[in-house]
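Before any comments, here is the structure.
As a basis for the values below, the full set of heavy atoms in this structure was taken, side chains included, without hydrogen atoms, waters or symmetry mates.
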Amino acid sequence: MPTYQYNALKMSDRSRVSGVINANTEREAREMLREQELVPTQLKVVTTDPNQVRSKNPIKIVMQLFSGVGSKELITFTRNMSMMFKTGIPVTEALMYFETYMDNPKFKAIIGQIRRDILAGVSMSNALAKHPKVFSDVYVNVTRAGEASGELDATMNRMTDLLTKSEKLKGKVISASIYPAIVMCIMGLVMLVMFLLVIPTFVDVYEKMGIELPLITQIMVAISNFMRGFWFVFFPALGFSIYGLLKYVKSPQGTALLDRAFLKIPVLDELTKFIANSQFISTFHVSFSAGIPIVEALYLSAETIQNSVVKAAYRQVNVQIQAGQRLAIAMASTKMVPDLVLLMISTGEESGELEKMMENAFEYLEEEINQRVEVLTAMLEPIMLVVLGLMVAVLALSIYLPLFSIYENM
């Protein structure tokens with residue numbers, strides 16, 4: 001069934017409205033609008049068969065079924081919802097638009113459920129809260145504040161900014177991790193090739209020549225023989241070890257250990273603090289601007305921090321605020337916040353422009369993160385090359401040391 005986008009006038013007060021409607025023909029669409037006491041001024045076919053459009057990318061649909069709802073899809077949804085609210089399109093019609101055109105079948109089903117809940121009398125924020133894997137507590141509470149103030153378009157616009165900033169920050173962290181991950185994979189492949197193919201070849205030559213192997217070569221040969229002779233034990237054990245390590249890192253104990261380590265490693269410690277403060281301040285800025293009470297805004301903002309150590313420190317900030325302490329002083333007690341950010345927040349409290357100062361603080365933190373990511377990337381390159389070179393050197397020595405003993409005996 002074709003979908004039409006319309007602009008119309010209400011018969012009652014001649015006010016303008018916009019939306020989408022499903023009908024078999026344009027004439028039927030106009031009749032359906034008149035039944036709703038609307039006079040269509042513009043009618044445009046957006047698509048004739050959404051199912052055919054989506055069927056052109058079956059592989060993409062299968063991938064989306066397994067991957068869920070991505071952050072970019074959520075950003076697009078939030079941005080477009082803000083624009084629709086601004087133009088006066090009712091929330092149910094805006095949701096019907098996304099339910100019709102959304103490519104991701106999972107997101108489409110969620111939007112459809114939200115629309116049905118709203119039609120049943122549930123508020124939009126409560127309808128969103130039923131899907132915590134897609135809409136975070138911050139998203140739900142900012143939406144609830146927008147409903148209370150009657151400024152859903154403005155709050156959705158703020159959420160778009162927050163989601164975009166979070167995505168950019170996530171991209172920076174990932175980009176800083178890609179290089180060492182690639183080098184580690186290369187190192188692992190080099191080690192496998194050396195132990196499984198190169199070392200056994202040289203050992204056969206040395207045995208035929210009757211050369212006595214030095215200690216380092218004997219160790220490498222022992223490792224190589226074990227890997228080749230007991231591969232059915234070695235590789236499953238390696239796989240389980242990696243799996244167990246990843247599971248431990250994701251556990252509360254492993255996460256806490258890793259988070260503490262990040263705060264003690266030079267260069268990484270400052271970058272970790274800047275990222276955590278950026279996560280806190282960006283969320284607090286949006287929550288506070290939306291009219292959420294400061295205690296609740298602080299709680300929501302602290303929960304968005306990824307590092308558990310910094311998160312625990314910021315939870316204490318909320319406790320101090322409830323006890324009557326000023327925000328800048330409470331944040332200073334964590335010893336995690338840069339001095340310039342504290343100065344901005346203190347100035348904002350005194351001048352009554354905390355919202356603006358929070359925005360300035362985020363911009364400052366973003367610049368600092370960019371610089372530190374560049375420095376870290378520049379430092380990692382030579383470090384990883386040195387580590388890779390040392391490993392290759394050890395393997396090379398273990399292979400070629402027996403040849404030196406031949407030349408000494410000649």
Does a salt bridge link [X] with [Y], judged by any charged N lying under 4.0 Å from a carboxylate O?
X: K72; Y: E167; value: no
X: E296; Y: R144; value: no
X: E303; Y: R315; value: yes

From CG (D137) to OG1 (T283), nearest 0.5 Å
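One finds 11.5 Å between CG of D137 and OG1 of T283.
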Excluding sequence neighbours, so at least two apart, what forms salt bridge (Lys or Arg N to Asp or Glu O under 4.0 Å) with D117?
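D117 satisfies salt bridge (Lys or Arg N to Asp or Glu O under 4.0 Å) with K130 once adjacent residues are dropped.
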Distance-only, no hydrogens or angles: does the [X] side chain make a donor-acceptor pair with backbone N or O of [Y] under 3.5 Å?
X: Q371; Y: E368; value: no
X: S289; Y: H285; value: yes
X: S82; Y: M156; value: no
X: T201; Y: L197; value: yes
X: N225; Y: V221; value: yes
X: T272; Y: L268; value: yes
X: S166; Y: L162; value: yes

Axial cation check for F362 ring with K165, 6.0 Å and 45° limits:
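Yes, K165 sits over the ring of F362.
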Can you list the residues that meet the ring pair (Phe, Tyr, Trp, His ring centres under 6.0 Å) rule with Y248, with sequence neighbours excluded?
none
Distance-minimising heavy-atom pair for R115 and T92
CD-O, 3.3 Å
Could you check L390, I383, L388 and say which one makes a side-chain contact (heavy atoms from CB on, under 4.5 Å) with V386?
L390
Does Y400 have its ring centroid less than 6.0 Å away from the ring centroid of F202?
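That pair passes the under 6.0 Å test.
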Let me see the working for F230 and F226 under ring-ring contact (aromatic ring centres under 6.0 Å, His included), right down to the final yes or no.
CA-CA 5 Å; F230 298 92; F226 178 79; 5.5 Å; yes
Parallel, tilted or perpendicular, judged at 30° and 60°: which one describes the rings of F280 and F284?
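The rings of F280 and F284 lie parallel, inter-plane angle below 30°.
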Would one find more than 12 heavy atoms of other residues, nucleotides or ligands at under 6.0 Å from atom [atom1] of [X]?
X: F240; atom1: CZ; answer: no
X: K311; atom1: NZ; answer: yes
X: F98; atom1: CZ; answer: yes
X: D204; atom1: CG; answer: yes

Report yes if the side chains of [X] and [Y] come closer than 4.5 Å at any heavy-atom pair, otherwise no.
X: Y206; Y: I399; value: yes
X: V309; Y: F262; value: no
X: M191; Y: M227; value: no
X: L163; Y: R79; value: no
X: S123; Y: E147; value: yes
X: D259; Y: V310; value: no
X: E99; Y: R116; value: yes
X: I199; Y: L395; value: yes

Y314 and side-chain hydrogen bond (donor to acceptor under 3.5 Å, both in side chains): which single residue from N307, N277, T334 fits?
N277
